[in-house]
Amino acid sequence: MYQVKAVITENKFLGAGYHLLNLLVAEIPEAAKPGQFVQVRVTTEGNEPLLSRPISIYRYDAASSSLALVFKVVGKGTDLLAKRNPGEIIELLGPLGNGFAIPETAKRVALIAGGVGMPPLYCLAEKLIRKGSKTEFNLFYGARTKSDLLELSAWERLKVKIFPMTDDGSYGKAGLVTESFQKEHEQTPFDFVVACGPQPMLKAVQQIALATNIPGQLSMEAHMACGVGACLGCVCKTKSGYQRVCVEGPVFEISEVLWE
Amino acid sequence: MYQVKAVITENKFLGAGYHLLNLLVAEIPEAAKPGQFVQVRVTTEGNEPLLSRPISIYRYDAASSSLALVFKVVGKGTDLLAKRNPGEIIELLGPLGNGFAIPETAKRVALIAGGVGMPPLYCLAEKLIRKGSKTEFNLFYGARTKSDLLELSAWERLKVKIFPMTDDGSYGKAGLVTESFQKEHEQTPFDFVVACGPQPMLKAVQQIALATNIPGQLSMEAHMACGVGACLGCVCKTKSGYQRVCVEGPVFEISEVLWE
Amino acid sequence: MSPSLAVELADLKLKNPILPASGTYGYGREFLPFIKPDLWGAVITKGVALVPWTGNPPPRIAETPSGMLNAIGLQNPGVEHFITEALPFLREYQVPVVVNIVGRTIAEYAAVAERLSEHPEVSGFELNISCPNVKEGGIAFGTDPQVAAAVTGEVRKVTKLPLIVKLSPNVTDVTVIAQAVEAAGADCLSLINTLQGMAIDIKKRRPILANQIGGLSGPAVKPVALRMVWQVYQKVKLPLIGMGGIISASDALEFIMAGASAVAIGTGLFRDPSLPEKVIAGIERFLVEEKIANLSEIRGIAQG
Amino acid sequence: MSPSLAVELADLKLKNPILPASGTYGYGREFLPFIKPDLWGAVITKGVALVPWTGNPPPRIAETPSGMLNAIGLQNPGVEHFITEALPFLREYQVPVVVNIVGRTIAEYAAVAERLSEHPEVSGFELNISCPNVKEGGIAFGTDPQVAAAVTGEVRKVTKLPLIVKLSPNVTDVTVIAQAVEAAGADCLSLINTLQGMAIDIKKRRPILANQIGGLSGPAVKPVALRMVWQVYQKVKLPLIGMGGIISASDALEFIMAGASAVAIGTGLFRDPSLPEKVIAGIERFLVEEKIANLSEIRGIAQG
Ligand SMILES: Cc1cc2nc3c(=O)[nH]c(=O)nc-3n(C[C@H](O)[C@H](O)[C@H](O)COP(=O)(O)OP(=O)(O)OC[C@H]3O[C@@H](n4cnc5c(N)ncnc54)[C@H](O)[C@@H]3O)c2cc1C
Ligand SMILES: Cc1cc2nc3c(=O)[nH]c(=O)nc-3n(C[C@H](O)[C@H](O)[C@H](O)COP(=O)(O)OP(=O)(O)OC[C@H]3O[C@@H](n4cnc5c(N)ncnc54)[C@H](O)[C@@H]3O)c2cc1C
Ligand SMILES: Cc1cc2nc3c(=O)[nH]c(=O)nc-3n(C[C@H](O)[C@H](O)[C@H](O)COP(=O)(O)O)c2cc1C
Ligand SMILES: Cc1cc2nc3c(=O)[nH]c(=O)nc-3n(C[C@H](O)[C@H](O)[C@H](O)COP(=O)(O)O)c2cc1C
Ligand code: FES
Ligand code: FES
């Protein structure tokens, strides 16, 4: 866990409010694991915004000291971040959280991404595939519309089978990502599922997994202050009581998570 | 009085924390008078700093819609302003305040500038000289050290007689600007004096003017909120009670000003 | 059909719920280059006393994180000057005029209200009970429920006009004061006035304000203001005017959802004189987007 | 000669006046990658209760202008867990440990203090009297001077260790509470705890926090905190720990000039774990530049 300055090497507009931020940064790429995140201070000027913003690690490479994040502009913090230019410096805390843990025995894994929940799943798939994992990854990727489906070409390069879904049918099938996951799962069952996205999607995935008795992991979101486990601000409800998303999470066993 | 957006055409570092800001802006240059000021919103991002910053008008030209300010970085507002780049937009309120009023009968005028009090005096001299005024202007310009004496070449182009003074003697004479004013005034009396600068300097100028019975004007500073006379936050003490620096000032008759 | 921003506040009918916070808009004339007084639902004036008040020595203003301190000391030219100078100016604009009243004794409050009740241009009063109370023992009128009720009751006796009482946030339980002034005859409550605060100049080693202590306003106080509006809404039947740190339509809507019938903009005016216009337009846009026909549909909705 | 940052606080000798604000630094372990506990003058722990507390449902946090709201609900694993897990960890660092105590009844406060007084690693207590008080009638302990004095007095009976009482800012007159707990045997006062506030999500039309109301902290509250330290300094003889919105050495110096003997950093840690280091270095630099040999030269100097 490091507090480091990062140089922005690229801040690429991916369309529809999404940005890919490429950073040159020490320490964090060496320590990172898929599923972890960083706390980003979006500006060095003034008090605002006061708190750092948690963003998942999308890609990292220790050899080149590079770290990539994908984020969506949804409020003032991400808006400021979108305006930062190459050459500018931002401050990061990370890597934070526990990261994913896929059992080595998993043969056929469903990755279920809703909107901006995609980046940590890419990170996971890329690292495992590059390490020579024999696991078969299937990506169920849902978004509102075509322009919300990001970095599909990167996924294609991984040769992961992609099931794109859009609410409006502008790309892939129309409908919810969980429907296409369920259908595929019924035909050829998965033995592990990993999901990251909005809460209703996570709930639906949990239901399917519990009903069909397969293990898996959910990556959760919460409003955060410290990011390191001290403030107890980011808890989510689990079978073991309130757990900190920034330390015990963001990744939780699928059967552990309860909802408020 | 206008609320307008201005494009930064140049933000020139003058050395030692000073900046010359050239702006392209409608309305204000047409309405401006020497001695007036603008309220500058130094940033469009977030709440901070909350209040606008009052800065005197240094130069203006209606034909080219141009406005120039000279400012010194002393805190977070001026620091942010110093970082703004050409092409960026800032918001201004102005022109504000009353401006100078030199009697037409004044033959020999002393302009007394302390530090960053110089800009409005330049504005005054330039406008009158360009209008063909026959008045003889003498600039007494005091600062801590050489690099705090700004835009001397602009003054030289006006053919104003300059008496530069620095605390450390690094340029012109060593000592207080009021000393050199007093000496010159004793030799060849002035019939009007205009001063802008730190309070101790203004007090000393007032004393000399009152003692030698010459009229004049002081340009005052105060912490401001609204800049338009509504909040009563910017008052200074005068013979007619508390007066608003942003409306009844910033320029006050030299005999009117009292001190707390 | 476009949504309606009209609201009723005691007996006042306002075309929109956006008002200037007392003391930040003078008597309306100063902002004229940017704001025509009839832009507002009603004008709330700077405090008016029975006689002229000098105010505090400068510096009267200090900036703080997302806020500002002021210690104007209620400088004002007195009620007679207000009648001859401010009222004729405001009359032209046909906008409801609520006169904010300050006093050093209960009798002074009542005297100002009585004097102004004769004037048809005056639509109502707002009592600023956060002034230090000299006669009644040096406590601020607004922090003791009995004293707050007494001021309200005495002014109530001399006027039939809508009577708004402005609450101080510097109290342990704002709902106690709110209930006391409701019982004493207030028609409406406005809140919050400023929070007492201080800033120190570490180079000079003394408070920035000549008065040492000042009133904190601006976005910094918004969470406190919202909480108090939300709490008071549960305890009184009176309509509320919410204020404290509004600098956007979204801020204004927060206050309305907490329970405010109208909202006031103070410090926000200083950074952007076009803010009231933007807030009105922004609220209208929100109502359209969210398919809300009028503000009563969302008033107090965040109470759950 | 380099200036001294050492201060004495009741019987505690601190090598510097910078402390973590309770609840923002856990029990010290979480920030270990960035902060060694002995960086601080003393460690103030997260609140410890007699039994584990679950805390409030999420969302527990909302950002506000230059501030944040929290409604953690004092989640904590209880005093026994604290003794077995936290104390052995802190022991290693040889830093004074001040345990912040929370309770639902006066007896609970006293029981925690009694239990911990046996432990030599514990250097003192800070009583958080801003918890809602269940047994004694539903008011917060910290807003009623009698109740505040009663808590203080009962804990005083069971421990000889330095006793710090933490004051709530949600009161009409903080000096009244301060004097009451001074009389009841407190050795030191810390202030301020958070100001009650609220934020509303206008899309969801309800408060952001599940608990609806939360505690406001961060730079936004600094003016209120400074004013209270300044006022309390005039009315009590006890040393004060000032806090509320410190994010720079200059902020810390403002508190010291207002009268604080030491200061605590809370919310500021969240945006920058290296802040305490910077504040310590910044204070040192200021003392050198201004030729001040030790902090007592400037403590309370802004009182005039
Ligand atoms: C572990 C984790 C990983 C994340 N990874 C990504 C990612 O890879 N890409 C991405 O675009 N977003 C990600 N998010 C969500 C991202 O943190 C929020 O979108 C962001 O904080 C919003 O900030 P804002 O200032 O733009 O929005 P505002 O709404 O102005 O923020 C206001 C406050 O709410 C908090 N907040 C708002 N939305 C969220 C949210 N969804 N989760 C947590 N806090 C929130 C902010 O941090 C801030 O404190 C992640 C969140 C978590 C917890
Ligand atoms: C009528 C007028 C004309 C001015 N003209 C110029 C000019 O031409 N060039 C120039 O460099 N400066 C000028 N000043 C001073 C300038 O306004 C301040 O230096 C500036 O506001 C400092 O802001 P800051 O955020 O950098 O400093 P900070 O100290 O961080 O500011 C904190 C607060 O104090 C106020 N403040 C601090 N110093 C002053 C001051 N001297 N006067 C008024 N408010 C102050 C700020 O506006 C802000 O509200 C003028 C001031 C006035 C009143
Ligand atoms: C400069 C200034 C002067 C004020 N004068 C008065 C006043 O005369 N009477 C009054 O009731 N409130 C006065 N207030 C308080 C405001 O009306 C308002 O209650 C407070 O500022 C909170 O709103 P805001 O955050 O939008 O400014 C004043 C506030 C400021 C900033
Ligand atoms: C997340 C959080 C948790 C807190 N928990 C406690 C606590 O357990 N006990 C306590 O006395 N104060 C608690 N506080 C209050 C702080 O100790 C401090 O008084 C307050 O936050 C003001 O300081 P700051 O602005 O530097 O944060 C908490 C504050 C925050 C932000
Ligand atoms: S964000 Fe502070 S504990 Fe997780
Ligand atoms: S700044 Fe508001 S009256 Fe001058």
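Computed over heavy atoms, backbone and side chain alike; hydrogens, waters and symmetry mates excluded. Order of the sequence lines fixes the chain letters, A, B, ..., with proteins taken first and strands second; residue numbering starts at 1 for each chain.
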*Asks:* With a sphere of 6.0 Å drawn around NZ of B:Lys5, does it hold more than 12 non-hydrogen atoms of other residues, nucleotides or ligands?
*Replies:* no
*Asks:* What part of B:Ala225 is in contact with chain C, defined as an atom under 4.5 angstrom from a non-hydrogen atom: side chain, backbone, both or neither?
*Replies:* both
*Asks:* Below 4.5 Å from any heavy atom of chain C, which atoms of B:Gln3 appear? Answer side chain, backbone, both or neither.
*Replies:* both
*Asks:* Less than 4.5 Å to any heavy atom of chain B: does that hold for the side chain of C:Ser66, its backbone, both, or neither?
*Replies:* both
*Asks:* Which of the residues C:Leu269, C:Asp272, C:Thr64, C:Asn70 is involved in the greatest number of heavy-atom pairs with chain B at under 4.5 angstrom?
*Replies:* C:Asp272
*Asks:* Do C:Arg60 and B:Tyr242 form a cation-pi contact, if we require the NZ or CZ to be under 6.0 Å from the six-membered ring centre and within 45 degrees of the ring's axis?
*Replies:* yes
*Asks:* Give a yes or no on whether the backbone of C:Ala71 and the side-chain of C:Asn211 come within a donor-acceptor separation of less than 3.5 Å.
*Replies:* no
*Asks:* Is it the backbone or the side chain of C:Tyr25 that comes under 4.5 Å from a heavy atom of chain B, or both, or neither?
*Replies:* backbone
*Asks:* Is the C:Tyr27 ring parallel, tilted or perpendicular to the C:Phe82 ring (thresholds 30°, 60°)?
*Replies:* perpendicular
*Asks:* What option among C:Gly55, C:Pro57, C:Gly28, C:Pro59 has the most heavy-atom pairs under 4.5 Å with chain B?
*Replies:* C:Pro57
*Asks:* To the nearest 0.5 Å, tell me how far C:Tyr109 OH sits from C:Leu50 CG.
*Replies:* 12.5 Å
*Asks:* I'd like to verify something: which residue of C:Gly23, C:Gly218, C:Ser274 has the highest number of heavy-atom pairs under 4.5 Å with chain B?
*Replies:* C:Ser274
